[in-house]
Structure formats: structure tokens, C-alpha cells
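Remember, it's 1-based here, ligands and their atoms both numbered in the order they're listed.
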Amino acid sequence: MKIKVNKNFENIKETYLFSEIASRVKKYQQENPDKKIIRMGIGDVTLPLPKIVVDALRGASAEMGVKETFRGYPPEYGYDFLKDAINAHYARIGVDVPSESIFVSDGAKSDLGNIVDILGDNEIIIPDPVYPVYVDSNLMSGRKITLVEGNIDNGFLPLPDQIDHEVEGAVIYLCSPNNPTGAVYSYEGLKAWVDYALKTGSMIIYDSAYEAFVVEDVPHTIYEIEGADQCAIEICSFSKFAGFTGVRCGWTVVPSKLSSDGFDLAKLWKRRQATKFNGVSYPVQRAAEMALSEEGRKACSENISYYKNNASMLARLLEQKKIRFTGGVNSPYIWLQCPNGMGSWEFFDLLLNEAQIVGTPGEGFGKSGEGFFRLTAFGTNEATKEAVERLDKLL
Ligand code: MLT
């Protein structure tokens with residue numbers, strides 16, 4: 001063929017982080033078929049969906065099989081019943097996010113990857129380490145990225161005063177509670193970013209996928225910060241909150257006040273979605289609506305407590321071993337410093353070979369993640385207990 005391809009793909013790693021881990025683990029399992037591997041790598045949930053959510057999924061599926069209640073294409077931006085439920089979710093936090101600013105999708109990852117479609121060639125500012133989708137999707141589009149270092153000294157919560165050059169009109173990615181470090185911005189920290197965005201004419205893309213894990217007095221949404229509705233898009237997900245990793249549903253908020261260069265960003269996102277996306281299926285949206293109901297939230301928060309119990313088991317062990325870590329309190333992730341100055345892939349190999357535990361090497365989340373390692377608390381209580389015993393022997 002003589003076609004041109006997108007050569008920006010040369011600038012990203014050949015394999016996506018979690019695909020790379022999966023293929024290494026598969027190889028190990030093939031070579032060691034008798035070994036029982038405990039998977040604490042990708043942040044995938046293990047508890048089944050709450051019964052009430054499954055009932056909603058089943059009920060809505062049954063409606064699709066009846067002439068009178070069958071539905072074809074869903075509305076491009078989500079059914080009103082789900083947008084209203086999301087609006088009520090924000091109201092419980094104390095912020096007003098109008099239903100017209102809410103766009104239902106098949107998950108946060110898709111929206112985080114797709115949002116670049118409506119943005120021009122801006123400087124991109126991304127704290128490092130971070131969820132790899134922000135960096136990869138911008139590199140694929142040929143954007144220039146400034147990384148802001150997270151480290152032990154700043155508690156993996158970099159602030160704008162670390163940026164050493166004049167910024168105008170940048171796009172800033174923030175994730176809080178953070179993937180991978182589990183660190184959470186305080187109100188002051190998040191305000192510093194919002195003020196910075198307003199001052200420099202920048203926009204924040206705020207990933208709040210882990211919001212449901214927040215227990216301390218820290219922001220659940222960026223819209224708790226004054227002025228954020230003039231400079232921030234928020235992207236959230238049902239994956240971690242309601243166990244929807246295999247069901248697929250999320251949402252993006254594009255406030256009506258976001259405009260730049262004479263363009264209204266919500267209009268651009270609508271146009272983008274209407275062209276490239278056909279919406280989320282009716283049964284999934286009914287299930288998501290149920291997850292946000294009073295009973296649904298109760299069931300989902302029981303599952304979150306179950307995972308938090310895993311996080312506490314891991315945290316206790318690390319404290320005993322005097323290994324430094326962040327996360328585990330407002331987050332399902334524990335981010336630890338690899339012992340004895342080990343590199344993060346080196347520690348990955350050690351855990352896999354000697355304890356048959358799979359985690360995620362910090363370096364996979366950016367160069368500031370080198371020397372660190374992420375363990376997820378999304379496993380079963382039994383598997384986590386066994387992992388703690390194995391780690392206790394090994395470390
Ligand atoms: C992770 O392990 O970082 C997440 O599960 C990835 C994701 O949410 O796509």
C-alpha cells in the first residue's frame with residue numbers, strides 16, 4: 001500500500017501498559033501451569049454487580065423484547081432518566097450540574113481518549129505519574145506534553161507552581177483520587193489548579209473515576225471549587241463505583257460556560273459524539289440509573305467497603321515492613337516504594353516469580369513512577385489475604 005499512516009504512533013510504547021502486563025503474565029502461567037497467580041495489576045473489580053442493578057438490567061432487557069416497550073437508538077447524549085440521576089448525584093455533593101451539561105458514554109477511558117478530537121494544538125500539562133491514557137492519546141495526536149513531577153516530597157500531588165515556564169491556554173489533566181498513587185487533592189490544592197487555569201486561560205480535564213472511594217474531607221468533584229465551571233471538564237465512570245468495568249457506562253460534564261476562540265465546547269463535544277458515537281444501550285443506562293438510586297448506592301458502597309478492607313490489609317503489612325506508600329484510604333490503589341532501591345519492572349518480576357503476585361510497575365505510569373509499584377485492592381478478600389501472607393514471607 002502507499003497510504004500514509006499516523007506516525008505519531010512511533011512516539012508511544014508499542015503495547016498499552018495493561019496489555020503488556022497481561023502478556024507477561026500469560027507467558028509466565030504457560031511456563032508454570034501449576035502456580036496460582038494472584039492478580040493485583042489492572043484495577044478491575046471482582047465482586048458481582050449488586051442484585052438490584054442486575055434486576056434493572058434484566059428488566060430493561062425484557063422491555064427490549066416486547067413490541068410496546070422496545071427501543072431503538074438511544075439518545076446520543078444519554079436518556080434523561082440517567083442524566084437526571086447524575087444531576088441528583090452532584091446535588092447530593094452540593095453542586096449544581098445541569099442535565100444538559102451531562103453526556104453519557106460507554107466509560108471514562110473512551111471520553112478521555114476522545115476529548116482530544118475537539119481540541120487544537122495546545123500545550124498539554126500532565127502530572128507524572130498518571131493513568132497512561134492522557135499521555136498516549138495526546139502523543140497519538142502529535143501534541144506537546146509538559147510533565148509535572150509527582151514525588152514523595154509533594155505527596156504525589158504536584159501543584160502549578162512547579163511549572164517553570166510561562167503558560168497560556170494549556171490543557172491540564174488532573175486525576176483525583178489519583179490513579180496510580182491514590183493521593184487526593186485537598187480543596188486548597190485543587191483550588192490552586194483552578195485558579196491557575198483561570199489565570200492562564202487554560203482548561204482542566206478532571207478525571208474523577210475514583211470519587212466514590214473518598215471518605216475524608218476532600219473534593220468529590222472539581223465543581224466544588226469556585227470557578228471550575230468556567231474552566232473544567234469532568235469525566236467520571238460507573239466502573240469503579242458500581243462495578244461496571246464489564247458493563248461499560250460513564251459520563252462527561254462539559255459546562256455551558258466553557259468557550260474559547262469563539263467556540264462553545266459543549267457544542268463541539270455534542271457534534272463529535274453525534275458523529276462518532278451511537279450512545280449507550282437502554283438496559284445499561286437503566287442499570288446505571290439504579291446504581292445511583294438510594295438502594296443502589298447502599299449496595300455499591302458495601303462493595304467499596306469490601307475493597308477498602310483489602311486496602312487496609314495491604315496497608316498494615318507495608319506499615320509493619322516500614323515500606324513507604326500512599327493511597328488505600330480514599331482510593332482502591334496502594335502505591336509503594338519498591339524495597340531496596342529496586343526498579344519497578346525488577347520488582348514486578350520478583351513478585352511474579354517468587355510470590356506469583358501481579359502488580360503494576362510504577363514506570364508504566366510515567367518516568368516519575370520508576371522505583372514505585374501499584375497494588376490494587378479490587379481482588380477478593382481471600383486472594384488479598386493470601387497475597388499479604390506471601391508478601392510477608394518475601395519482603
Ligand atoms: C487501571 O488499572 O489503571 C484501570 O483499571 C484502568 C482503567 O480504568 O482503564
Side-chain angles (χ1 to χ4, degrees), residues 12-13 15-25 37-47 105-116 126-138 140 150 156 173-184 205-213 234-252 288 300 303-304 307 310-311 314 325-328 330-336 344-345 348 351-352 357-366 368-369 372-380 383-384 387:
I12 59 173
K13 290 195 179 129
T15 323
Y16 181 58
L17 173 62
F18 295 105
S19 317
E20 169 69 25
I21 292 172
S23 85
R24 288 189 190 214
V25 174
I37 295 175
I38 302 179
R39 290 164 202 273
M40 304 174 86
I42 192 162
D44 197 1
V45 293
T46 51
L47 289 174
S105 75
D106 65 346
K109 184 183 190 178
S110 314
D111 286 359
L112 285 161
N114 293 333
I115 198 84
V116 291
I126 306 184
D128 177 52
V130 89
Y131 183 41
V133 173
Y134 319 151
V135 171
D136 286 1
S137 57
N138 278 289
M140 283 177 195
F156 291 99
Y173 285 74
L174 297 178
C175 176
S176 180
N178 184 268
N179 178 10
T181 67
V184 196
I205 297 176
Y206 188 74
D207 178 354
S208 60
Y210 298 91
E211 166 277 322
F213 284 78
E234 178 163 294
I235 299 181
C236 197
S237 166
F238 286 90
S239 287
K240 320 291 162 152
F241 150 62
F244 272 39
T245 54
V247 178
R248 311 306 311 149
C249 196
W251 74 85
T252 285
C300 292
N303 289 358
I304 287 174
Y307 296 131
N310 291 341
L314 290 163
F325 69 94
T326 53
N330 299 293
S331 152
Y333 297 129
I334 300 261
W335 176 252
L336 60 110
S344 47
W345 280 104
F348 173 88
L351 286 197
L352 182 58
I357 293 172
V358 180
T360 311
E363 193 258 350
F365 297 102
S368 305
F372 290 85
F373 201 77
R374 194 193 78 177
L375 290 173
T376 159
F378 280 125
T380 63
T384 309

Checklist line | Residue contacts for ligand 1, heavy atom to ligand atom, distance under 4.0 Å | finding: F18, I42, G43, Y131, N179, Y210, K240, Y333, R374
Check: Looking only at heavy atoms, what is the nearest atom pair of V25 and I37, with distance?
Finding: CG1-CD1, 3.9 Å
Notebook entry, point to check: Can you name the closest pair of heavy atoms from L351 and F373 and give their distance?
Noted result: CD1-CE2, 3.5 Å
Margin query: Tell me whether the rings of Y131 and Y134 are parallel (<30°), tilted (30 to 60°) or perpendicular (>60°).
Written below: perpendicular
Item checked: F378 versus T376, closest heavy-atom pair with distance -> N-OG1, 2.8 Å
Check: Given Y210 and S331, is the side-chain contact (heavy atoms from CB on, under 4.5 Å) satisfied, shown in steps?
Finding: CA-CA 7 Å; Y210 298 91; S331 152; 5.6 Å; no
Check: Listed by chain and number, what are the side chain to side chain contact (heavy atoms under 4.5 Å, CB included) partners of T181, not counting sequence neighbours?
Finding: P129, F156, N178, A183, T326, W335
